[in-house]
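As structure tokens, the structure follows; a few thoughts come after it.
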Amino acid sequence: MNGGNSLSERYQHESIEKKWQERWESDALFRTSSDNKKKWYALTMFPYPSGDLHTGHWYAMAPSDVSARLKRMQGHNVLFPIGFDSFGLPAENAAIKQNVDPRTWTYNNIERMHGQLRAMGASFNWEREIITSDPDYYQWTQWWFLQLFNQDLAYQAEAAANWCPGCQTVLANEQVLNGNCERCDNVVSKRFLKQWFFRITKYAEELLDFSKMDWPKRIETMQTNWIGRSEGARISFDIDIQNVSEKIEVFTTRPDTIYGATYMVLAPEHPLVKTITQKAYIEDVQDYVEATTRISEIDRLSTERKKTGVFTGAYAINPVSKKRVPIWIADYVLSTYGTGAIMAVPAHDERDFEFAQAYKLEVIPVFDHEKIDVSEPLEAAFTTGRQMVNSEHFNGTLATEAIKKVTTYLEEQQLGEESITYRLRDWLISRQRYWGTPIPIIHCETCGIVPVPESDLPVLLPENVEFTTDGKSPLEQLQEWWLVECPNCKKPARRETDTIDTFVCSSWYQMRYIDPRNKTAPFAQEFAKEWLPVDQYTGGSEHAVMHLLYTRFFWKTARDLGLVDADEPMLRLFNQGIILGTDGNRMSKSRGNVVAPDQQVEKYGADAFRCQLMFIGPWDQGGPYDPKGMPGIVRWLNRVWNVANHSYTNKSESTDPTEQKNLERTVHQTIAGVTEDLERFQFNTAISKLMSLTSTLGKVQENPSIDNSTWHWAIQTLLLLMAPLAPHITEELWELLGQPYSIHKQPWPDYDPQIAAEEILQIVIQINGKVRDKIEVAATINKDDVEKRALQQDRIKELLLDQTPKKIIYVPGKLINIVV
RNA sequence: GCCGAGGUGGCGGAAUGGCAUACGCAGCGGGCUUAAAACCCGUCGCCUUCACGGGCUUGAGGGUUCGAAUCCCUCCCUCGGUACCA
């Protein structure tokens, strides 16, 4: 088979890939059928239509496609849909900068990406495509909003919100990373604004339960930390000022340290600050509160910063010791967590200790410690002590029982109660932007907040709006759009001009795919029963506490509305890693390390690009993509082409039974290995096994000694195993071999463990753990015979001389270790 | 700081208690060719030896074991997440 190929016989990816993509599409090959096969809902996170499919998209989607194709060949009825998460800020920014309509910009990008996605050769169910900015999609996003509103899960409230000056809008907590905007990286500040929220905190406890699905531990941990459940107690402190009846409520995880609470701290934003501040301190306090608002969130959160605060002049009464304790305000106490106020126990809390040192406040240890003399001034706070001291009748209580005992006492005395606090905040979903789903609410002076009747949906986004460079929402300036009649009293009213966070659009999209053209409901019950939940979800882990938390929340509201049955939306989740540039950094235009998929496809073909992305390493680890490695994959595909496309003739007409058996064994081993690897998303090792089989077949072809039917079976098996990975070349070769269309409709090959089992084994002989010799034995051999054979080897006799073995360890089928 | 993943040839990586470096890239040598491309074959961790062979090697150090890249302890580095959450 050396050389000699005429050009027309050579593998040419351009024509082949185009040919099959068109054929599959016109035949609707990957449309779901309604037969009795077991369903498999495979979902890859849908892209934002940025205008170009980049290597990261390929890295996420191509392996997902392989998995879906494997399931299809394994006999499942597979739903593997695709669409576009097409609302969002980039379109609006393009509108402001380039003076193009966001709609035009978005739909042009979608058009372009349609072509690029088709070039991937993925087996998407295109007939179910959804585009979240289409009115017939966002009508149902609005419908969801109304359902949540009716269930009291959507509400409007005034709150300190994260304001991004770059995006000119508020953000949810999850969308602020290290004090910066998740999208544009601008420093986020706080603004007090009236905003719409989804009551995700209602599901905090249930969202901590991951037992009904199989997700990566890492994501579970991240969500658990984000929800941040803390057990403790709420305790009320009286304020020692005449005519002030309010109490200061604190949350603490350490009620057992209450006798050590020597001062209190309110967050600067705490509503009681004004009430309690004494005359002589008003100026200082006001200055401090103002200064706090000027400090950026990022500085305020820095643990490096020295703690600051001011005394209010007021005192509270420690509810158990009845001592007067000073009330301070300090920015190390956050208004957004717990009650926005703390009891400070400097002896047993590092932060309180640091603050007490700085302002010379009293430190009273209420636990003793094996290594610390608590009668001397403490050098540092310690959190875990031995038993209670300075705590009146609790003295002597062991640390292990302290929390429970003190909490019970507080409850008996009606001073406090057991309590659980979460870090999770309600989801802020309103955005002061144009290019999003309009919130279906009307504000009426007489009737208040009035939901738009479902029959009036969708509330359409107006077209041809004006964009100004100051980034203000065009909707607010469009009176003819927002001036409407109140659905209740018919008086003039104002339409809500905020739009919905795009993460809402993507929170329920997996449910729409099952019935994407439904005009009367988000989806029909019969399809929900047929397809939901998603069996395998794949995508990046950057959405751990955003999309992946939001979609679980949405699903639970859907379940409580009776729309779906199961408790979780995605049963299995797999996170791919991040594909990097050749230099090991994230691909970015500024670094100049971007690999354009279109060029790779043009040069090497989609099959080669898919395979190379999967071959470079484990999918969950990501890593650098180096186009220099492409020749290896291209060579392999060429070898497959040559080995399958060249005639095989056993001229001598005689078969070598050993060779025949060896080939059968190798093929069965490959089926077993590749099946297992693909099921575990270990594409790199699957491809290496297929490369090895290809080499073996090449050698057999050069020296034909097996019968023709075994040869053809081996070649066909190779193609079947490769079909999910390289769908085009395998389809072409399948046709050239005269097999029935399509290879992608064929059943996945089975293997026989008996045929796959080795008959002859190589046993390593070690002396004191070092390899000294190897012998070949029959697989059926027993320990004694291996020992005998090993000790008879000349080389072993020589090395052992007259030493007698102390111990002989035999690992069946692998190794024998002689210890002397 | 805390949590998680990782550190293996010149490079991407394989091996999760039993032959370290599978598979591939790059390199080197050869074949085919007028030549090139393509294709095919061989070789390819380090030290030592004419050779057969021997010794060393999985970030560093220690431990467990007949046997450790793999398990345990200490430390270093890289990447990701998170950060005054009372």
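Please read these numbers as outputs of a predicted model, since none were measured by experiment. Letters go in sequence order (proteins before strands), and every chain restarts at 1.
- When distances are taken from the side chain of A:R586 to each of B:C19, B:G18, B:G80, the shortest belongs to B:G80.
- Both tests do not hold together for A:K307 against A:F355: distance to the six-membered ring centre under 6.0 Å, angle to the ring axis within 45°.
- Taking every heavy atom of both residues into account, A:V273 and A:P268 meet most closely at CG2-O, 3.9 Å.
- Rounded to whole angstrom, the span from the CG atom of A:L637 across to the C1' atom of B:A38 amounts to 15 Å.
- Taking only side-chain nitrogens and oxygens, A:R423 comes nearer than 4.0 Å to OP1 or OP2 of B:A83.
- Here B:A20 is the nucleotide among B:A86, B:A20, B:C84 with the atom lying nearest to any side-chain atom of A:V771.
- Using a 30° and 60° split on the angle between ring planes, A:Y337 and A:F251 fall in the perpendicular class, above 60°.
- One can place CD of A:E220 at 14 Å from P of B:G4, the figure rounded to the nearest angstrom.
- Residue A:Q766 places no side-chain atom within donor-acceptor reach of the base of B:C19, judged by atom type and a 3.5 Å distance cut-off alone.
- Heavy-atom nearest nucleotides on RNA chain B were determined for A:L799 and for A:I633, and the one closer to the 5' end corresponds to A:I633.
- Regarding A:E798, its CD atom lies at a distance of 13 Å from the C1' atom of B:G54, rounded to whole Å.
- Regarding contacts with the backbone of B:C23, every side-chain N or O of A:R639 stays at 4.0 angstrom or more from both OP1 and OP2.
- In this structure, the NZ atom of A:K217 is 21 Å from the P atom of B:G81, given to the nearest Å.
- In the displayed structure, A:E679 atom CD is contacted under 6.0 Å by more than 12 heavy atoms of other residues, nucleotides or ligands.
- Listed pair A:N638 / B:C39 meets the phosphate criterion, a side-chain N or O lying under 4.0 Å from OP1 or OP2.
- Rounded to whole Å, the separation between the C1' atoms of B:A5 and B:U16 comes to 15 Å.
- In this structure, A:Q762 atom CD and B:G18 atom P are separated by 17 Å, rounded to whole Å.
- For A:K807, counting side-chain heavy atoms from C-beta on, the closest listed nucleotide (B:C66, B:A86, B:C39) is B:C66.
- Closest to the side chain of A:K770, from the set B:A86, B:G81, B:C56, is B:C56.
- Side-chain atoms of A:K689 and base atoms of B:C23 include no donor and acceptor less than 3.5 Å apart.
- Between A:G385 and A:F367 the shortest heavy-atom distance is CA-CB, 3.9 Å.
- Comparing atom distances between the A:V764 side chain and each of B:C19, B:G12, B:C84 picks out B:C19 as nearest.
- A donor-acceptor contact under 3.5 angstrom links the side-chain atoms of A:K774 to the base of B:C19.
- Comparing the C1' positions of B:U8 and B:A60 gives a spacing of 15 Å, expressed to the nearest Å.
- If you take atom C1' in B:C44 and the same atom in B:G24, they sit 14 Å apart, rounded to whole Å.
- Base contact: A:N817 has a heavy atom under 4.0 Å from a base atom.
- Checking B:C84, B:A26, B:G24 against every side-chain atom of A:P631, the shortest atom distance belongs to B:A26.
- With its glycosidic angle more than 90° from 0, B:G7 is assigned anti.
- Contact annotation: A:R772 reaches the phosphate of B:G54 (side-chain N/O to OP1 or OP2, under 4.0 Å).
- Comparing B:G24, B:C84, B:A86 by their nearest atom to the side chain of A:F615 picks out B:G24.
- Contacts of A:D352 with the nucleic acid, taken as non-hydrogen atoms under 4.0 Å apart, are absent.
- Across all strands, A:R795 comes closer than 4.0 Å only to sugar-phosphate atoms, never to a base (heavy-atom distances).
- If you take atom P in B:U58 and the same atom in B:U70, they sit 9 Å apart, rounded to whole Å.
- As rounded to whole Å, 14 Å separates atom P of B:A14 from atom CZ of A:F683.
- Taking OG1 of A:T224 as the reference point, atom CZ of A:F210 lies at 4.0 Å (rounded to 0.5 Å).
- Across all their heavy atoms, A:A757 and A:R665 have their closest contact at O-CD, 3.2 Å.
- One finds no side-chain N or O of A:T685 lying less than 4.0 angstrom from the OP1 or OP2 phosphate oxygen of B:C23.
- Straight-line distance from the CG atom of A:L690 to the P atom of B:G24: 12 Å, rounded to whole Å.
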Nucleotide-level pairing of RNA chain B, given in dot-bracket where Watson-Crick and G-U pairs need both distances under 3.5 Å and | marks other strands = (((((((..(((.....[....))).(((((.......))))).((((....))))..(((((..]....))))))))))))....
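- Spacing of C1' atoms, B:G55 relative to B:C40, comes out at 37 Å, to the nearest Å.
- Taking the six-membered ring for Trp and thresholds of 30 and 60 degrees, A:F681 and A:W619 have ring planes inclined between 30 and 60 degrees apart.
- For the P atom pair drawn from B:U43 and B:A22, the interatomic distance equals 12 Å after rounding to whole Å.
- Closest to the A:T221 side chain, of the nucleotides B:A86, B:C3, B:A22, is B:C3.
- Spacing between B:G4 and B:C73 at atom P, rounded to whole Å, works out to 12 Å.
- Taking only side-chain atoms of A:K814, from C-beta outward, the nucleotide of B:G4, B:A86, B:G18 with the closest atom is B:G18.
- Whole-Å rounding puts the A:M691 CE to B:G13 P distance at 15 Å.
- Between the C1' atoms of B:A14 and B:G9, the separation comes to 13 Å (whole Å).
- For the OP1/OP2 pair of B:C23 and a distance below 4.0 Å, the side-chain nitrogens and oxygens of A:N684 include no atom meeting the criterion.
- Residue A:P618 has its side chain nearest to B:A14 when only B:C19, B:A86, B:A14 are considered.
- Closest approach of A:Y263 and A:A356 over heavy atoms only: OH-N, 3.8 Å.
- At the phosphate of B:A26, neither OP1 nor OP2 sits under 4.0 Å from any side-chain N or O atom of A:K628.
- In this structure, A:E418 does not pair ionically with A:R234, as no charged nitrogen and carboxylate oxygen lie closer than 4.0 Å.
- In terms of position along RNA chain B, the nucleotide closest to A:P624 lies nearer the 5' end than the nucleotide closest to the other residue of the pair A:L815 and A:P624.
- For the pair A:R423 and A:W226, the distance from NZ or CZ to the six-membered ring centre is under 6.0 Å and the angle to the ring normal is within 45 degrees.
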